[in-house]
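Here is the structure we will look at, set down as structure tokens.
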Amino acid sequence: GGGGGSGEGDTVVIGYTGPLSGGGAAYGENVKIGLEMVIDDLNADGVEVDGNPVTLELKSLDDKYAPSTAASNAQRLADQDKAPVVVSPNAGAIKAIQQINSGRSNFLISAYTSDPAIMQADNPLTMMIPPNFESYADEFSETAMEHGGKKLALLGTESEYGQQWTKSIKDAWSEAGGKIGGDNSVDYATVSDFAGPVSKALSEKPDAIFVGGPSQPTALIMEEARKQGFKGSFLVMDQAKLDEMATVTKIDNLKNSVGVLPVSEYEDPGTKDFLKKFAEKAGEKKVPTSETALNYQGIAIIAKAMEVAGTTDDPEKIREAIGEALPEVDDKYKVNGFPDEITEQGHLLNPNLEATFLDEDGKYTKVPIEQVSDDK
Amino acid sequence: MLTLDNVSTGYDATNVLHGVSITAQPGELTVVLGANGSGKTTLFKTISGLMRVRAGSIDYEGRQLHRARPNAIVKAGIAHCPEGRHLFGKMSVEKNLRLGSYPHRNSSRTEEIYAEVLDMFPILKEKAKQPAGSLSGGQQQMVAIGRALMSDPSLLILDEPSMGLAPIIVEQVLESVAQINRNGIGVLLSEQNAKASLAIAHKGYVLAEGRIVLADEASRLLDNPEVQAAYLGL
Amino acid sequence: MTLLEIRGLGKRFGGLDAVKDVSLDVEEGQITAVIGPNGAGKSTLFNLVHGFYRPTAGAISFKGEDITHSSPHRTVAGGIARTFQTTNLFDDSTLLENVLAGRIVRSKSNVFDAVFHTPRHRRESRINEDKAMEALEFCGVAEYRHDLASNVPQEVQKRTAVAMALATEPELLLLDEPAGGIPEEETVDFGNLIRSLPQQGVSVLLVEHKMTMIMGLADTILVLDHGQKLALGSPAEIQSNPDVIRAYLGSTAEEEN
Amino acid sequence: MRPTGPLPCLQRNRLIMTLFIQQLFNGLALGGVYCLAAIGLTLVFGVLRIPNLAHGALYMLGAYITYFFLTTVGVPYIAAIGIAAIALFVVGVGLERLVFHPLRNSPHTHHMIAAVGAMFFFQALAQAIWGADFRRMDTPITGGLQIFGAEISAQRIVIIVTAVIVLALLALFIKRSIHGQTIEAIEQDRVGASLVGINPSMVSMLTLGLSALLATIAAGLVAPINLLSPTMGDALNLKVFAIIILGGLGSLPGAIVGGFALAIAETMTATYISSAVGETVAFVVLVAVLAIKPNGLFTKAVQR
Amino acid sequence: MSPMKNPRIIGTIAVIILLGLTPLAFAQENYTMRVITVGMCAAIAVYGLNIILGFTGQLNLAQGGFFGIGAYGVGLLTTDYDWSFWAAFVASVIGTAVIGYLCGLLALRTKDEYFAIFTMAIGFIIFLVISRWESVTHAHSGVNNVRFPEGGGIIDFESPVAMFYLVFAVLLVCVYTTYAIRRSSVGRTLLTIRTSEDLADAIGVRVGFSKQLAFAASAVFGGVGGGLYATVVGFIGPDSASIDKTFEFLMFILVGGMGTVAGPLLGSMIVTFLFELFQDFQAYRFIVLGPIIVALVIFAPRGIVGYLGGFVDKRNRRRRSAEARRSEHDESAPSDSAAAVGTNSEEKK
Ligand SMILES: Nc1ncnc2c1ncn2[C@@H]1O[C@H](COP(=O)(O)OP(=O)(O)OP(=O)(O)O)[C@@H](O)[C@H]1O
Ligand SMILES: Nc1ncnc2c1ncn2[C@@H]1O[C@H](COP(=O)(O)OP(=O)(O)OP(=O)(O)O)[C@@H](O)[C@H]1O
Ligand SMILES: CC(C)C[C@H](N)C(=O)O
Ligand SMILES: [Mg+2]
Ligand SMILES: [Mg+2]
């Protein structure tokens, strides 16, 4: 950990490159809030590495969602700010950063994506935070089929991530004996009016629709589908959060949907406090999402791993220490399905993963999820 | 009356006009002579506001014009038919002409002048609906003169109006200019054909390298041996 | 020998016959003039010969070869150059660069020659510079060669336009009002320049409204009116032709004599 | 649960018909959105020939200011649009003064890049003020119509109707009124325009102001069917350029036809081929049309 | 004047030498090396834009698309098809040339604004194809682990310095080609088209054909830049073909100076570093950068090189035209009869 000690001890920079402007800015901001919160909390509690007090400092750069910019940023954070860890919240960017993070430059990627492709790169310095999205497909299909019927329409977003999701839902649905209409995926960010794509999806008279992209446009699509008379159930991709969607559309439009569990529904030891702090920081109106919560958790884990490894500037050692550090993390940092193991490839796993079903009464029912392996 | 007092102006760093002073009496026809590049066009552009006055002043009927924009100057009654025409190539001849009346667009005189212009250049009647850019060079020159007239000016600046016109039309144009002038409109003219222009003018100036070197009654200039040698080919 | 042969040439724009059934022979070593009222079709005729416009009727041949439908760059390569009615130069280039542009059509070297600086390229560059200077000197504007085209007086521009056309090594030069904008009294020198062209092996087809100049220069004059031939003959014949006087010359005709 | 057995032939035909009609109306509504967004741009690009790539950003800013007055201040919908339109008029005038006026004698390239700079600025500004989160704007225009079994919301009908009316009025204005002609005159010859007494600066200023104002009206009407975000203008930007080029620069009827044609082509290919093709089709149509008619469909009559 | 005395050439050479020496200072700074190397890849594409836009005056907005084709050609061939870098590079450059030529065939039927928007549409279609044709391009997943150039056991291109010099060498070729074109009749041909197509036509320039070649050449440069970019960054996504790339290139060329030899290089480097410099302001950097871009365009409309070169040219011209005039007047007997014409009013009186 370079960055010259300021009396108290060393300053360690936690690097972050994410979309802070452009279409993904809201998403990138959510991640950033989590990082700011955890660094404030950690500094307040005090981090001690190898007997020295360490101050953490967040340094954020904007990559506008462009992988090559993200890689430049990461390189800069590692080179100039000596950041041992760089957080990146999207699969494309992570893949680009994986080209440079082990070898000449060494730094740990704190990877916030549920795309298992990043684990298949066998990068020794990647820590993947969220659950593998492929885990959801089976239970989502089962639940939706139960509440709707056998015929599925696909209406996810056209991002890389959306495409991967669509693929995995497709497989799971057919395996469960369902029928699938054509793929109506559209790019949520460039569509001016969702009515057309929704009409098309509905023309196949589906019993269930797979949707998902950023929460707000996803909510709009569901609203449009309900308006056009759709009565079946929704499968909602993990990028969209049901509670966040409820801020732009009536909850009635969202009912009968299976999706990821809202942060507020978690029962981890630190969740309540986290919610309170979040409201203080971001305002009552803003809904905390897993972008914020999981990254909050993630950096807490890395900080503990630094303590365990006794180093702030050797990413390999820090990575190795994560497994050992997990059980030692203070309860207050356990907020969103805290993991109890890290796989060999670097994936944090929580044994009791749960999703949710929003029923006709507007109540969240938990749906246990069985996790799948990251290998293809 | 138009008065230029010690006007200097130019392009980039260099001045083209050096302290030019001239006057044009209302209703009179004033001609400016000078060799190629002596600054006639620059002088006219300065009067009509297309170029910034660097020193000196311009006064028209009691109004200071040397800071005014071209559109204000047209409104004040000075119309400029420029070298190079500057027509609206894709618009019809009629629209070009009618845009000429823009400063007084609601005036009842518009139709009257429009008819006069078509009288002066009958060919334009035939071409009224054609894009100005498709006209022959000479026809375009007629549109340019007509457009300037459409603003119902009290002073008309004509920069080489006969350029590119057939001899017979040159004659007609100079005749028309004289006619316009007889109708009470002041004219400031530069013309290749010095003899013919001096013949219809009241007063003349000779410009050389951006300075006025001679100023006199037109008839006296016609008799001036220096002028005869330089501009009248005698 | 007949250099350029125009037979029954016609061009319609919409409902208008800009040029109609025009025939003309341009003889080698001569200056042939085309005159006529504004809109008579003179510039259109030039545009047809040069390949800018496609004729709607008739045929054109140059040195016995049919060029009716040839495109401008072929025509220029074949030996016909032109200038435009409104002076047309590359304004933000120097005069030398302008005239060098006229050499393009005679240049054989390509990008590879330029990149590898081949002997051919070097030889050609030298020849081009020489020819361009020659043309500038011939037109009497060599001293301005390093000035920007937009900064020189009109007459120099007009002369440069001629130099640029000459740099393409034409056998026939089409001049559309080359002396437009030059005071009549000053056109004598310009006339001399044009008169010297045939001795250099360049025949001339000329449009001009300045009668003093035309009458002194032309060997043959074609008079157009409404796109059609009104008269064809020597200057003396034309000057006294009552039709021409009525349609075109007006009273100036008498004055001149 | 609905019956899942094979549908009787008749009923299937009706379903196919309904889908077609529904998508036709969806296409029309989308066309309305495109046209509305294109209106301001047609003035500035089609007539003044300034490729204002910041147009989408003005549209976005218009939406946010409408949202601000509607939600934060609490004025009624129509009034909020009105106030925002006036505010954007000022922004448009400022843009002309500060960016396009100094560039009046420069080639398009300069305008384009300067406009990109302005677009970056507006987006960053909006994000600084309103944050990156999506916002939703509510509209008092609710309900909808059922036409041959197709659902179409009242808001979308308002969009279609407004688009056609505003474009038609604008066409009339340009063709008939002397003010419209002054805009054309300036594009064709600035010097000539000032010599006939037009003040080119003033007209350019008003034109840009007007275009920003129209963009705001468009945004105020369209935003309720989608979301507000600092980048909401991006999606429309390129398409809108395609539309007015397709119709023929300066041709307002062309802009109407182009807008609706592209929108319907887009909806229909998305329905009957695939959504990826639907997204591309607008540009493919543009390329195909220009390859055949290099000056657009409705080249101005005078250009001949 | 001998090239060695021309301040513009001296300036250009100085910039190039300086650039060539940067690895000495920054070899250990991966970040700086990366930014410079990526910037040079962009500069190569910008040299292409310089040919079609700077020299020929046609606003080609498909350059980002061609860059993307080059990048994806190398990316896909070296990964999915396991070609060697060099084979893939050559193939994708040829591919870009063919696609560029065909696009030019269509695009050049249009003019001015139509051409600009037409090419923008082409660029956007290329982008859409890359980002949607999943089975071939992997769409948004991008292409991972693009191969390094094979050094044949002599050079190890995995070293950033070696990679730097590879790109640098290609860049040098571009600069020299630009210089050679500019000085030759080929450059003159393109410049005449830029100023006036009609006039160019009149002096026998094959306008259509020349534009066609210029367009294809510009696409090729785009492909070369893209191909190198792919191997430099190792991972490429659809953003490498986006319309934003085109506008970035435009910004580079405008800031550097259109139609100049050193402009594209200087512009690319300066703007790239300007953007990196302002990274610290994150989302708010464009509140400052936007106006800076506008100001650059307004106050240095001919770009940095154009701006500096303007002084040099003017001084040169003044000196040379004075010289020309002097020598002309010294020679008492100018060549030909008519040439003795005094164009100076003084002499005439
Ligand atoms: N745009 C310009 N930039 C620089 N110098 C110019 C410009 N226009 C004209 N000049 C110069 O200014 C001087 C005066 O030109 P001006 O056109 O006023 O002369 P003129 O008397 O009208 O000549 P002509 O009879 O050729 O029309 C000339 O030396 C000319 O070279
Ligand atoms: N592109 C065109 N479209 C329509 N009409 C045209 C076009 N070009 C020329 N004309 C018409 O054809 C006629 C002949 O024009 P042209 O330019 O050949 O005349 P000109 O003899 O050169 O006249 P001037 O002496 O005035 O230059 C004119 O009436 C003109 O309006
Ligand atoms: C929901 C997020 C984990 C998805 C993110 N946009 C990604 O690319 O991986
Ligand atoms: Mg003049
Ligand atoms: Mg003519």
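Basis for what follows: all heavy atoms, side chains included, without hydrogens, waters or symmetry-related copies.
Side-chain contact check for E/Tyr31 and A/Ser105: no donor-acceptor pair (N or O, by modelled atom type) lies under 3.5 Å.
When side chains are defined from C-beta on, A/Leu61 does not count as touching E/Glu276, because their heavy atoms never get closer than 4.5 Å. In this structure, A/Lys59 and E/Asp280 have side chains that are in contact, with non-hydrogen atoms separated by less than 4.5 Å.
A salt bridge does not link E/Arg34 to A/Asp79: none of the charged side-chain nitrogens sits closer than 4.0 Å to a carboxylate oxygen. Salt bridge annotation for E/Asp239-A/Lys64: absent, with no cationic side-chain nitrogen under 4.0 angstrom from a carboxylate oxygen.
Heavy atoms of E/Tyr284 lying under 4.5 Å from chain A are absent altogether. With a threshold of 4.5 angstrom between heavy atoms, A/Asn73 approaches chain E through side-chain atoms but not through N, CA, C or O. The contact between E/Tyr229 and chain A is made entirely by side chain atoms (from C-beta outward), counting heavy-atom distances below 4.5 Å. Heavy atoms of E/Asn145 lying under 4.5 Å from chain A belong to its backbone as well as its side chain. Looking at E/Ser131, only its backbone comes within 4.5 Å of chain A, counting heavy atoms on both sides. The contact between A/Gln75 and chain E is made by backbone and side chain atoms together, counting heavy-atom distances below 4.5 Å.
Nearest heavy-atom pair across A/Gly92 and E/Phe235 is O-CE2, 3.4 Å.
Interface check for chain E: of the options A/Ala66, A/Ala25, A/Pro19, A/Gly22, the most heavy-atom pairs under 4.5 Å are formed by A/Ala66. When the candidates E/Val35, E/Val38, E/Asn144, E/Val233 are compared by the number of heavy-atom contacts under 4.5 Å with chain A, E/Asn144 comes out ahead.
Judged as a side chain to side chain donor-acceptor pair (under 3.5 Å), and not counting sequence neighbours, A/Ser60 has no contacts. Every side chain to side chain donor-acceptor pair (under 3.5 Å) that E/Arg132 has, sequence neighbours left out, goes to A/Asp187, D/Glu279, E/His140.
Listed for the E/Gln279 side chain is a donor-acceptor partner under 3.5 Å among the backbone atoms of A/Asp62.
Note that the NZ atom of A/Lys95 and the CD1 atom of E/Ile236 stand 12.0 Å from one another [nearest 0.5 Å]. The structure places CG of E/Leu128 at 10.0 Å from CD of A/Glu158, a figure rounded to the nearest 0.5 Å.
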